[in-house]
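The structure appears below as structure tokens.
Worth knowing before you read on, the calculation uses all heavy atoms, side chains too, and leaves out hydrogens, waters and symmetry mates. Just so it is clear, the structure is predicted and the values come from calculations on it, not from any experiment. Each residue takes its place number in the sequence, starting with 1.
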Amino acid sequence: MPKLDIEKEVYNCWLNYRKIEDSDLVTVYKKRCMDLVFDIETSIVNSAKEELTNGIYEMLGIKANVSNAPRGSEFIVVGMLGKNKYIDDEVLPSEKEKILEDGYLVKGISKSDKNYTIITAKTQKGILYGTFELLRLMQMGKDISNVLVMDNPHNPLRIINHWDNMDGSIERGYAGRSIFFENNKIIQDTSRINYYARLLASVGINGVTINNVNVDRVASKLITREYLTDVAKLAEVFRNYGITLYLSINYASTIEIGNLNTADPLDQDVKQWWKDKVEEIYEYIPDFGGFLVKADSEFRPGPFTYGRNHAQGANMLAEALDPFGGIVIWRCFVYNCLQDWRDRETDRAKAAYDNFKPLDGLFHDNVLLQIKNGPMDFQVREPVSPLFGALEKTNHIIEFQVTQEYTGQQKHLCYLVPMWKEILDFDTKSKGKSGIVKEIVSGSFFNTKYGGIAAVANIGNDANWTGHQLAQANFYGFGRMSWNPENSCEDVTDEWVRMTFSNDKSIVDTISQMLLNSWRIYENYTTPLGIGWMVNPGHHYGPNVDGYEYDKWGTYHRADINGIGVDRTLKSGTGYTGQYHIEVADMYEKMETCPEELILFFHHVPYKHRLKSGVTLIQHIYNTHFEGVQQVEELIEKWYSLKGKVPEESFNHVLEKLNIQLEHAKEWRDVINSYFYRKTGIKDELGRKIY
């Protein structure tokens, strides 16, 4: 597998496998890596073999010998548990018990007559993941002689959703065009898709949906024979890296492409059509994962048209998929998008809970509900959706947005891993005890059949994949967090920087600090204290305080002359707080106990209300927006300190993005501060320029 030329084709991201400069380390690695022993040959294991030999060659400059038996006293042996004496003689019974499905063990063995490193697992996927672990250790300059790493995936399903359209465009895409589609056809050259599959597998992703959940007329045909041959080719590319392919479908396919006059899930002709269609798909793709469905949301068709509920709609598809082992992933992004802004009782935040909590336990075992992390729509700060901890009898997974729709659109540096970590660590207090989100969505808390994490992808056909090179860290971080949410933000960040740029401490420390602080910096100069939105309608970029204030989408800030925020309390507001378990509801209900970073989401707060910092709300708004701009200036200073230490192309690229971010941060600062100064007439206590 050739290494891609950064100047001619695409970046290799964190699979950079740059040459190791430490001569002592090179000597140690060369002895161990010259001889590779593989005792199994399958498409997935062959991918691991290719990756390992390529990585060794790039990092050490040697072409390793590959055979089914060691030639010397130092080697790496890769194989399944119970199949190889070099592995089974050295893996302890306690270690074997702890290796779960798709987990792996990387272990260094030191003996008088031989020294070797084991990569082993109970499944082929586990071998692939273990191989990437060894390569990660080598990229970071770690010991592989006496290594002992055992790791299992925390979440059974770790899936990326693409919002790619058949014409090649990407909804909420900020990194070029689709790598899958162009001109309503599937791209025939799969070389870049193969590299993408490598990136996915390297962080433990095991599922991918290639087309937009808003399925248009042409995309509806992806499940027909006209396209299935080419879809099957993509499935094969992903299969070689242990990744299952899924498709987003049009719920009204029976009408759109099936020549029926209904999509009623209880209609026998509709049921039979889907059964026949699913059987046809599996003829082409025997390991097809199933369907991702957006229904009865934002004008998408669904079972509501026929007086049916979500469970009836999802179960009809589930029955068709069940004989083949397929699943239905049913999105819970459902709300009344024709709301009257004058209506202060209807609350979009309540919609997911109101729609799905009454149906808990009515979905088939092969249905998974996919729930956005917050009740609104991927804002820079939201509370955790109350559905987590509320659905006790239904498979469900959490959905994050790696693509930066509301967080700077990959023009701004906004590292989202700290946000996701906070959400996954949130305690829902379900059942009156500790119900942590990461345990709930994994399926372990309620002992459901399926669980996992999904995310909307942020990649396109730009040379660096993500538009902003540092946005690659969001993709990497999502994969590592979905594999194991116990990972710390600091460790994941450290890995990405070392693998992408360098092990040089000044580089690692500087870029890590920039990333880890960037979410709060972005929040400082955009929307304050959880209120969200305040963006231009449609494209969702740039400040527009009242952009959505008088519209149909239910995205209001309710600013008036006295205060700002939405009263969502049981006592005097929309009652949204009542959707949480009692301990959490009580926390949010009272302004005194509500976390201040969310206070405007839950309360209408007077401008002169004093926060815990001692400053008034209005002064906090002024202060944070001035601070946010200053912090972006500091980001630029930090990046300048790396001039000559990182590749010139990367340096210039990131500097250009940071300069754009600074100009846009100033615009945010001036628009937001001027709006509230004009709304209130209250001056900035520090006398700074407000227009």
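Minimum heavy-atom separation, L416 to N474: N-OD1, 2.7 Å. Between I397 and A454, the shortest heavy-atom contact is CD1-CB, 4.1 Å. Across all their heavy atoms, G290 and Y246 have their closest contact at N-CD2, 3.4 Å. Pairing each heavy atom of G565 with each of H604, the nearest pair is O-ND1, 2.8 Å.
Y556 places no side-chain N or O within donor-acceptor distance of the main-chain N or O of R342, the cut-off being under 3.5 Å.
A salt bridge links E405 with R172; the closest basic N to acidic carboxylate O contact falls under 4.0 Å. A salt bridge links E486 with K438: the closest approach of a Lys/Arg side-chain nitrogen to an acidic carboxylate oxygen falls below 4.0 angstrom. At a threshold of 4.0 Å, the pair K571-E589 does not count as salt-bridged, since none of the basic side-chain nitrogens sits closer than that to a carboxylate oxygen. Classification of D296 and R300 as a salt-bridged pair fails, no side-chain N sitting under 4.0 Å from a carboxylate O.
Y335 is linked by a side-chain hydrogen bond (donor to acceptor under 3.5 Å, both in side chains) to E298, counting only residues two or more places apart in sequence or in another chain. Here S434 pairs with D427 under the side-chain hydrogen bond (donor to acceptor under 3.5 Å, both in side chains) rule; sequence neighbours left out. Residues meeting the side chain to side chain contact (heavy atoms under 4.5 Å, CB included) test with Y541, sequence neighbours left out: Q409, K411, H412, H539, H664. Residues forming a side-chain hydrogen bond (donor to acceptor under 3.5 Å, both in side chains) with T209 (at least two apart in sequence, or on another chain): none. Every residue two or more places apart in sequence or in another chain was checked for a side-chain hydrogen bond (donor to acceptor under 3.5 Å, both in side chains) with Q312, and none qualifies.
Aromatic ring centres of Y251 and W330 lie closer together than 6.0 Å. Aromatic rings of W519 and Y415 (six-membered ring for Trp) have centroids beyond the 6.0 Å cut-off, not under it. Between Y525 and Y522, the ring centre distance stays below 6.0 Å. The aromatic ring centres of F602 and Y588 sit less than 6.0 Å apart. For an aromatic pair to be called close, the ring centres must be under 6.0 Å apart, and F478 with W483 fails this. Checked against the 6.0 Å centroid criterion, the rings of F363 and H396 do not qualify as a close aromatic pair.
Judged by distance alone, the side chains of N165 and N212 do bring a donor and an acceptor atom under 3.5 Å apart. Between the side chains of T574 and D347, at least one donor N or O lies within less than 3.5 Å of an accepting N or O.
For residues 517-541, every residue pair satisfying the salt bridge (Lys or Arg N to Asp or Glu O under 4.0 Å) rule, not counting sequence neighbours, is listed here: R381-E523, R520-E523.
By the 4.5 Å heavy-atom criterion applied to side chains, E392 and D360 are counted as neighbours.
Environment of CD1 in I561: sparse, with no more than 12 heavy atoms of neighbouring residues, nucleotides or ligands closer than 6.0 Å. Within a 6.0 Å sphere centred on NZ of K612, other residues, nucleotides and ligands contribute more than 12 heavy atoms.
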